[in-house]
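Take a look at the structure set out below.
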Amino acid sequence: MADPSRPREVDPNPPGEAEPSQPSEADPNPPRGAGPNPPRRTGPNPSPDGRGRPAVGVRGRTPEAADGRRRGAAWARTALAALLVLAALTAPHQPAHLTAGAFVRVPLEGLLVVALLLALPARARRPVAALAGASLGLLAVLKLADLGFLVTLGRPFDLVLDWALLDDALGFLTDSVGRAGAAGAVVATVLLLAALLLATTRSVLRLAPLLARHRAATRRTVAALVVVWLACAAFGVRMSPGVPVADAAATDLVGAHALQVRARLRDREVFAARVDDDAFRDTPGERLLGALRGKDVVVAFVESYGRDAVQDPEYAPGVGAVLADGDRRLRAAGFASRSGYLTSPTTGGGSWLAHATLLSGMWVDNDQRHRSLLASNRLTLGGAFGRAGWRTVGVMPAANRPWPEGAFFGYQRFYDGRSLGYRGPKFGYAPMPDQYTLAAFERLERARADRAPVMAEIALVSSHSPWTRIPRLVDWAEIDDGTVFHDASTGNPSSQPRAGYRRSVEYSLSTLVSYLETHGDDDLVLVFLGDHQPAPVVTGAGAGRDVPVTVVARDPAVLDRISGWGWDEGLRPGPRAPVWSMDAFRDRFLAAFSG
């Protein structure tokens, strides 16, 4: 039995640590805790542990081997820290520049930070290193944000305005992958960004004392790299197209975003002054839209229906075949059409900016302008129709919350997803297929007896990403509450977004043609257009922002009114069709049909 009065012996070598070698008899300074009578070496082959075998650590490692492993791990961590710092400094913020050669650069900012750390006294070096590491992490986050926005929206991240898009992004994720999946994605993103900030800060803190210990070698290396930087800058050396080896991209990026912030702060006043400059603001209703009296006018936005859909060789054959077939069918039904292009203020997303631009006649390319517009008294296209005696409605099937903006756009009645009575399945982001949206509008508005002519803005969202489930056309008489669509859809692999995009646009355009065949008459005028091009992941870089726009009517007097526009005949605009800025449409439309 152990003596409770004796102190408990503690193993000096816990698991996972190497066992230190014991002192010899002649060692005048035995380790603390070795006791007055350290073990003696005995036998013909004395050993450090006194038991006839060499001292070893855990799992048979000698202390020298364990020390070597620790030194190797330390150097590996230092190398990883250096690579992380270099990658954060040299990583491109544009998708087109993401090549291996783009990382072969000499970052001027890194050389300046190293020189500063060497010049500082030891007491000031650590806080400066921590600040530099945190700044480097923020730079990396900014680059990632730019990459994400360029891939999805075709533009860099806006430090002033784009925070509001986080709510829309969360809504899109929730609609696409469910609430749990969206919450998981948000948590993972926050943790990854926090880990990146922590990693860059710790990396610079790890490297700073190492540079100070090897001050002379560091100075020589920095001096040599400065010479290399100057030579590469003088001769324009590049290892990757568009990416110079003499790199100052971090400074350029921060400077560009600083100018962006300044421009956004000034733009508020500039836009507010322009919004009141309206040639139609005081035009009385009897002088507006007289050439369309008695007709129903529908303005339909087809989600992501861009110029690439009718011109890119990957999409144009299929989409063009749908439009060509639609031309034949509509001509047989007595309709004619004219088509051109409008340049949208956005691409890849931000549909509300395109809607506001077309309907208000103002260039609304960011949320700050959008908010300023909604706070103004600007006459919109819906407001003009309402002033002239039309019943005005908005139909937004993807809206799932109150939409007070409808009052600004002049809508007397607004239909969101909940008020359309749909009981069928969802289709990815789209809560209902376009055919149901048009059928519900027909039932709720145009089928009413003793009604005034109606002007409607309708959002058709079946061609919204992610294009993983695409509806099929059904008999209009069988639509009812939409349950028929449970058996009227086809899947598309998420790994094939281009094919899904093409098929969804074909569906939306086929639905419009079928709607005109089924419900069109002499008193219906349809204007349909794209809100923006799809994301660059579908179109590729530099695709532009043009979208097709088409006016369809059975009454030839309607198209006679726009003959001076020079638009192409038919549903498909050709490559040389006129291109207008989208904010020009309201004034030209009102001028053409107001006499």
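Here the structure is a predicted model, which means the values were calculated and not measured. Note: hydrogens, waters and symmetry copies are ignored here, and every other heavy atom, side chains too, is used.
- Interatomic distance, CG of L379 versus CZ of F385, reported as 11.0 Å (0.5 Å rounding).
- Counting non-hydrogen atoms of other residues, nucleotides and ligands closer than 6.0 Å to CZ of R262 gives a total of 12 or fewer.
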Query - Working for side-chain contact (heavy atoms from CB on, under 4.5 Å), residues V299 and L529 - result: CA-CA 8 Å; V299 179; L529 69 154; 4.2 Å; yes

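- A donor-acceptor contact shorter than 3.5 Å links the side chain of D521 to the backbone of L524.
- Closest approach of A384 to L288, counting heavy atoms only: O-CD1, 3.9 Å.
- Considering only heavy atoms from C-beta on, P573 stays 4.5 Å or farther from W567 through its side chain.
- A distance of 8.0 Å separates OG1 in T437 from CD1 in I458, rounded to the nearest 0.5 Å.
- With T392 contributing its side chain and G410 its backbone, the two residues share a donor-acceptor pair below 3.5 Å.
- In this structure the side chain of Y507 never reaches within 4.5 angstrom of the side chain of F427, judged on heavy atoms.
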Query raised in the report: Please walk me through it: do H519 and R446 pass side-chain contact (heavy atoms from CB on, under 4.5 Å)?
Result: CA-CA 9 Å; H519 298 292; R446 293 193 74 226; 4.2 Å; yes

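- For the pair K295 (side chain) and V525 (backbone), a donor-acceptor distance under 3.5 Å is absent.
- Residues Y501 and A309 come closest through the heavy atom pair OH-CB, 3.6 Å.
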Requested in this report: Check the pair L142, L159 against side-chain contact (heavy atoms from CB on, under 4.5 Å), reporting the backbone distance first and the verdict last.
Outcome: CA-CA 9 Å; L142 182 59; L159 283 169; 4.2 Å; yes

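- Counting all heavy atoms, side chain and backbone alike, E517 lies closest to L330 at CG-CD2, 4.3 Å.
- The side-chain tip of R413 points at the ring of Y415 from less than 6.0 angstrom away and within 45° of straight on.
- Between the side chains of S419 and D416, at least one donor N or O lies within less than 3.5 Å of an accepting N or O.
- The CZ atom of R329 sits 11.0 Å away from the CG atom of D327 when rounded to the nearest 0.5 Å.
- The side-chain heavy atoms of P431 and Y422, taken from C-beta on, include no pair separated by under 4.5 Å.
- The minimum heavy-atom distance linking T347 with G544 is given by the pair OG1-O, 4.4 Å.
- Taking CZ of R503 as the start and CH2 of W467 as the end, the distance is 13.5 Å to the nearest 0.5 Å.
- By the 4.0 Å N-to-carboxylate-O rule, D312 lies too far from R502 to be salt-bridged with it.
- Checked against a 6.0 Å centroid threshold, the rings of F157 and W163 count as neighbours.
- The closest donor-acceptor contact from the side chain of D531 to the backbone of S304 lies under 3.5 Å.
- Not one N or O on the side chain of D296 forms a donor-acceptor pair closer than 3.5 Å with the backbone of M455.
- The CG atom of N366 sits 5.0 Å away from the CG atom of L161 when rounded to the nearest 0.5 Å.
- Under the 3.5 Å distance criterion, the side-chain polar atoms of R264 are left unmatched by any main-chain donor or acceptor of V160.
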Report task. List the steps, then state whether salt bridge (Lys or Arg N to Asp or Glu O under 4.0 Å) holds for D162 with R155. Result -> CA-CA 11 Å; D162 281 341; R155 61 171 178 81; 2.7 Å; yes

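- No donor-acceptor contact under 3.5 angstrom links the side chains of E303 and S508, judged on distance only.
- Side chains of D146 and H257 form a contact here, defined as non-hydrogen atoms less than 4.5 Å apart.
- The closest side-chain heavy-atom distance from S514 to W476 is below 4.5 Å.
- With respect to R266 and E269, no salt bridge is recorded, no charged nitrogen being found less than 4.0 Å from a carboxylate O.
- Of all non-hydrogen atoms in G530 and F301, the two that sit nearest each other are O-CD2, 4.4 Å.
- Judged by distance alone, the side chains of D546 and T343 do bring a donor and an acceptor atom under 3.5 Å apart.
- Comment: D277 does not engage R274 in a salt bridge, judged by the lack of any side-chain N to carboxylate O separation of less than 4.0 angstrom.
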Query raised in the report: Does the pair L460 and L512 meet the rule for a side-chain contact (heavy atoms from CB on, under 4.5 Å), with working shown?
Result: CA-CA 10 Å; L460 301 178; L512 283 170; 3.8 Å; yes

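- In this structure, L98 and L147 have side chains that are in contact, with non-hydrogen atoms separated by less than 4.5 Å.
- Interatomic distance, CG of L359 versus CZ of R586, reported as 10.0 Å (0.5 Å rounding).
- In plain terms, the two heavy atoms of F528 and L509 that are nearest each other are CE1-CD2, 3.9 Å.
- The shortest side-chain heavy-atom distance between V552 and L571 falls under the 4.5 Å cut-off.
- In summary, of the residues considered (W565, F589, Y341), a ring-ring contact (aromatic ring centres under 6.0 Å, His included) with W580 occurs for W565 alone.
- Side chain of S504 to backbone of I470: no donor-acceptor contact under 3.5 angstrom is found.
- Atom CG of N377 sits in a sparse spot, with 12 or fewer heavy atoms from other residues, nucleotides or ligands closer than 6.0 Å.
- Judged by distance alone, the side chain of Q533 and the main-chain N or O of D308 form a donor-acceptor pair under 3.5 Å.
- A 6.0 Å sphere centred on CZ of R418 holds more than 12 heavy atoms belonging to other residues, nucleotides or ligands.
- Between the side chain of R378 and the main chain of F408, no donor-acceptor pair closer than 3.5 Å is present.
- For the pair P425/F485, a side-chain contact is recorded, criterion being any heavy-atom separation below 4.5 Å from C-beta on.
- In this structure, E569 places its CD atom where only 12 or fewer heavy-atom neighbours from other residues, nucleotides or ligands lie under 6.0 Å away.
- The main-chain N or O of V474 is found under 3.5 Å from a side-chain atom of Q435 such that the two form a donor-acceptor pair.
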